[in-house]
Amino acid sequence: QVQLVESGGGLVQPGGSLRLSCATSGRPFSNYHMGWFRQAPGKEREFVAGITRSSISMSYGDAVRGRFTISRDDAEAVLYLQMNSLKPEDTAVYYCAADRLAGSGGVRRYASAYDYWGQGTQVTVSS
């Protein structure tokens, strides 16, 4: 079992930046591929970014590639999402998630692959 707690959300103006954090506890964080998803009102949950164990590879959704950066600190068991050049369409609840069964493959980009989820943190981009 892994517990995930997101933080760092808030209100930011277009063009601004935020850094989300996901603190984990329970089973060793380093065992899991990790991901960030988001969900806006009335929309399906969307893949934002993912990172494999040992930070071997990362993957990004088309809407955020080049603006967002995912990283992890295995020693501190924390996942990060640096978000730059934010746009109003980035407004959503952001969730971190852990993929327990990824095996030796790369990041999986669909929500059903992830076993553990945080409660989410609201990000609002508005002037």
Side-chain angles (χ1 to χ4, degrees):
Q1 191 78 10
V2 176
Q3 292 77 45
L4 309 171
V5 179
E6 302 94 338
S7 61
L11 174 64
V12 63
Q13 292 187 342
S17 298
L18 281 176
R19 188 175 80 155
L20 304 184
S21 299
C22 174
T24 72
S25 60
R27 293 188 177 272
F29 175 71
S30 58
N31 288 355
Y32 301 96
H33 289 3
M34 299 295 296
W36 286 98
F37 290 78
R38 67 186 182 186
Q39 190 164 19
K43 295 188 176 181
E44 294 188 354
R45 193 162 294 192
E46 174 189 19
F47 173 78
V48 174
I51 187 167
T52 61
R53 288 184 294 268
S54 302
S55 303
I56 293 173
S57 67
M58 285 72 79
S59 179
Y60 294 93
D62 291 342
V64 308
R65 189 174 293 113
R67 299 187 297 123
F68 291 11
T69 302
I70 188 171
S71 62
R72 63 190 295 164
D73 183 334
D74 286 351
E76 297 296 328
V78 181
L79 177 73
Y80 297 103
L81 184 69
Q82 178 66 43
M83 306 186 295
N84 298 328
S85 303
L86 283 160
K87 305 175 181 180
E89 51 263 44
D90 294 319
T91 296
V93 177
Y94 283 71
Y95 300 90
C96 66
D99 181 353
R100 180 171 60 93
L101 299 176
S104 59
V107 170
R108 297 197 284 183
R109 299 162 62 94
Y110 46 99
S112 60
Y114 291 74
D115 307 280
Y116 305 111
W117 293 82
Q119 83 290 348
T121 186
Q122 176 70 46
V123 172
T124 302
V125 184
S126 175
S127 55

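These values consider heavy atoms only, across backbone and side chains, with no hydrogens, waters or symmetry-generated copies. All residue numbers in this chain count up from 1 along the given sequence.
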So which heavy atom on [X] is nearest to which on [Y], and how close?
| X | Y | answer |
| --- | --- | --- |
| Asp74 | Ser30 | OD2-CB, 3.8 Å |
| Pro14 | Ser126 | CD-C, 3.6 Å |
| Arg72 | Thr52 | NH1-O, 3.0 Å |
| Gly61 | Arg109 | CA-NH2, 3.9 Å |
| Ala92 | Ala40 | CB-N, 3.9 Å |
| Ala49 | Leu81 | CB-CD1, 4.2 Å |

[X] side chain to [Y] backbone, donor-acceptor under 3.5 Å:
| X | Y | answer |
| --- | --- | --- |
| Glu6 | Gly120 | yes |
| Arg65 | Tyr60 | yes |
| Arg100 | Asn31 | no |
| His33 | Arg53 | yes |
| Thr91 | Val125 | yes |

Hey, quick one: are [X] and [Y] part of the same hydrophobic cluster, counting side-chain heavy atoms closer than 4.5 Å, chains of contacts allowed?
| X | Y | answer |
| --- | --- | --- |
| Val48 | Val12 | yes |
| Met58 | Val64 | yes |
| Tyr116 | Ile70 | yes |
| Tyr80 | Val2 | no |
| Met83 | Tyr95 | no |

query: Out of Asp73, Leu4, Thr24, which one pairs with Phe29 under the side-chain contact (heavy atoms from CB on, under 4.5 Å) rule?
result: Thr24
message: I'd like to know whether CD of Gln3 has more than 12 heavy-atom contacts from other residues, nucleotides or ligands below 6.0 angstrom.
response: yes
field: Atom CD of Glu44 with >12 non-hydrogen neighbours under 6.0 angstrom
entry: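 Count not over threshold, so no.
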Contacts of Arg108 that satisfy salt bridge (charged side-chain N to carboxylate O under 4.0 Å, His left out) - sequence neighbours left out: Asp99
Arg27 to Tyr32 six-membered ring, cation-pi geometry met (6.0 Å, 45°):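 Judged by the rule, Arg27 and Tyr32 form no cation-pi pair.
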task: Enter the distance from Ser55:OG to Met34:CE here, rounded to the nearest 0.5 Å.
output: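 Interatomic distance, Ser55 OG to Met34 CE, rounded to 0.5 Å: 11.5 Å.
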task: State the CG-CD distance between Leu20 and Gln82, to the nearest 0.5 angstrom.
output: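 If we round to the nearest 0.5 Å, Leu20:CG and Gln82:CD are 9.0 Å apart.
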- request: Mind checking side chain to side chain donor-acceptor pair (under 3.5 Å) for Arg38 and listing every partner two or more places apart, or none if nothing turns up?
  value: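 For Arg38 the side chain to side chain donor-acceptor pair (under 3.5 Å) partners, ignoring immediate neighbours, are Glu46, Asp90, Tyr94.
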query: Looking at residues at least two apart in the chain, or sitting in another chain, which of them share a side chain to side chain donor-acceptor pair (under 3.5 Å) with Gln39?
result: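 Once residues adjacent in sequence are excluded, the partners of Gln39 under the side chain to side chain donor-acceptor pair (under 3.5 Å) criterion are Arg45.
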task: Compute the centroid of each ring, for Phe37 and then for Tyr114, and state whether the two points are separated by less than 6.0 Å.
output: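 So the answer is yes for these two rings.
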